[in-house]
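If you're wondering where the values come from, they're calculated on a predicted model, not measured in any experiment.
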Amino acid sequence: MEKIENLLEQMKRVDENIAELLNRRAQISKEIGALKKQNDDVLYDSSRIKSSLDTILKTGKGILSQEALQSIFLEILSQCQDLEQSIKVGYLGPEGTFTHQASLLEFGSAAELLPFPCVDDLFTSVEKKQVDCSVVAIENSTGGVVHDVLDRFMDSDVKITSEIVIYIHHCLISNATLEKVERIYSHPQPFRQCRRWLRENLPKARYIEVASTVEGMRLAGETPGSAAIGSEIAARLGKMNIIASNIQDTTENFTRFVVLGRLIPQPTGADKTSLILSLKHKPGALFEALKCFAEKSINLTKIESRPTRQRPWEYVFFI
């Protein structure tokens, strides 16, 4: 018993030290924020946050898992960022979407997260300085790219400032039983990601595409004989039943989100660069454009073509 009391006393002293150090860090953040305001400097730099997290994860090896350390320090960084200056972040709403989850993972709970109804509004909100940044899904490992997002980059000056990759597992959510489901509401991407499961288990159901998974869940809750595809969090928030779990066609189901901002962040040494190319319509034009990357041993992870929407059969390339 005496040994436990000693350990508890040690723990108490450690807790006091942690609290003192956290307050010291918070004070430094507040002073940085004041100096940045005086100099009209950039107040949020995703590369600095990423670099801090990377350093912590590399040096903080011990009993705690890397995921636990990241979760703890993300919240510390989020609260301290709020002392420098609170940031506004747009996401595809309503609350409970996968984009909402990605935003929390990137910015923590201290950021002011604002839901927007569509992708176009997320770009516009950054362009008009209504928010500091927005989070959009750009690609899924099984469903492919989100074309609305790629197309919007063609007429926008926003920059990609960060990337978030999260594991996606879908649930079928309904107040009906599985055998009574006649229609399913969802964003187009989950339909693509769950195509095989739906064909095998609900071959006669009607698919109805909506702006977000949470909107689909709302409609399913209002319409008898309906279901929606969404997350466990969304089902919990909407107080609806999960009638089937993990309905995605593959266990390797990841979605890549990007953070949209107005300024290019500082290099970290582990960066990706995205380009949009418009080329002359002649033989070898794409080969000539890509040749320089091969010559410099630069790896390309993605090439996607999209119509220019200006002339028929002319394309731009996303690299």
Whether [X] side chain and [Y] backbone form a donor-acceptor pair below 3.5 Å:
| X | Y | answer |
| --- | --- | --- |
| Ser212 | Gly93 | yes |
| Ser103 | Thr99 | yes |
| Thr213 | Gly230 | no |
| Asn241 | Ile173 | no |

Does [X] come within less than 4.0 Å of [Y], counting only side-chain N to carboxylate O?
| X | Y | answer |
| --- | --- | --- |
| Arg195 | Asp249 | no |
| Glu182 | Lys204 | no |
| Arg218 | Glu215 | yes |

What are the two closest heavy atoms between [X] and [Y], and how far apart are they?
| X | Y | answer |
| --- | --- | --- |
| Met217 | Gly238 | CE-CA, 3.7 Å |
| Ala176 | Ile243 | O-CG2, 3.5 Å |
| Pro94 | Pro115 | CA-CB, 4.3 Å |
| Ser162 | Glu106 | OG-OE2, 2.8 Å |
| Pro188 | Glu209 | CG-OE1, 3.5 Å |

Is there a side-chain contact between [X] and [Y], using heavy atoms and a 4.5 Å cut-off?
| X | Y | value |
| --- | --- | --- |
| Ser245 | His169 | no |
| Leu198 | Ile229 | yes |
| Ser186 | Tyr207 | no |
| Val145 | His147 | yes |
| Asn253 | Asn140 | yes |
| Val136 | Leu260 | yes |
| Glu304 | Leu150 | yes |

Considering residues, nucleotides and ligands other than [X], do more than 12 of their heavy atoms fall under 6.0 Å from its [atom1]?
| X | atom1 | result |
| --- | --- | --- |
| Arg206 | CZ | no |
| Lys88 | NZ | no |
| Arg262 | CZ | yes |
| Asp155 | CG | yes |
| Lys180 | NZ | no |

Geometric class of the His100/Tyr91 ring pair [parallel <30°, tilted 30-60°, perpendicular >60°]: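 Parallel.
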Let me check something: do [X] and [Y] share a hydrophobic cluster, defined by ILVMFWY side-chain heavy atoms less than 4.5 Å apart, either directly or through other members?
| X | Y | result |
| --- | --- | --- |
| Phe317 | Ile298 | yes |
| Ile87 | Leu92 | no |
| Ile168 | Val165 | no |
| Leu237 | Val214 | no |
| Phe98 | Val258 | no |

Inter-residue atom distance Asn17.CG - Leu21.CG, 0.5 Å rounding: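 Reported value, rounded in 0.5 Å steps: 6.5 Å.
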Distance in Å, Met154 CE paired with Phe318 CZ, rounded so as to fall on 0.5 Å steps: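 That separation rounds to 4.5 Å.
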From CA spacing to verdict: side-chain contact (heavy atoms from CB on, under 4.5 Å), Asp15, Met11: CA-CA 6 Å; Asp15 289 343; Met11 191 185 292; 4.1 Å; yes
Derivation and outcome, side-chain contact (heavy atoms from CB on, under 4.5 Å), residues Asn246 and Trp197: CA-CA 10 Å; Asn246 292 316; Trp197 189 95; over 6 Å; no
Val131 and Val126: CA distance, side-chain angles, deciding distance, side-chain contact (heavy atoms from CB on, under 4.5 Å) verdict: CA-CA 5 Å; Val131 296; Val126 176; 3.8 Å; yes
Side chains of Thr255 and Glu139, donor plus acceptor under 3.5 Å: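 Not at all, the side chains of Thr255 and Glu139 share no donor-acceptor pair under 3.5 Å.
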Test side chain to side chain donor-acceptor pair (under 3.5 Å) applied to His170 and Glu232, Gln193, Gln248, the passing residue: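 For His170, the side chain to side chain donor-acceptor pair (under 3.5 Å) test succeeds with only one of Glu232, Gln193, Gln248, which is Gln193.
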Audit row: Phe153, Phe123, ring-ring contact (aromatic ring centres under 6.0 Å, His included) steps and yes/no: CA-CA 9 Å; Phe153 275 114; Phe123 276 81; 5.1 Å; yes
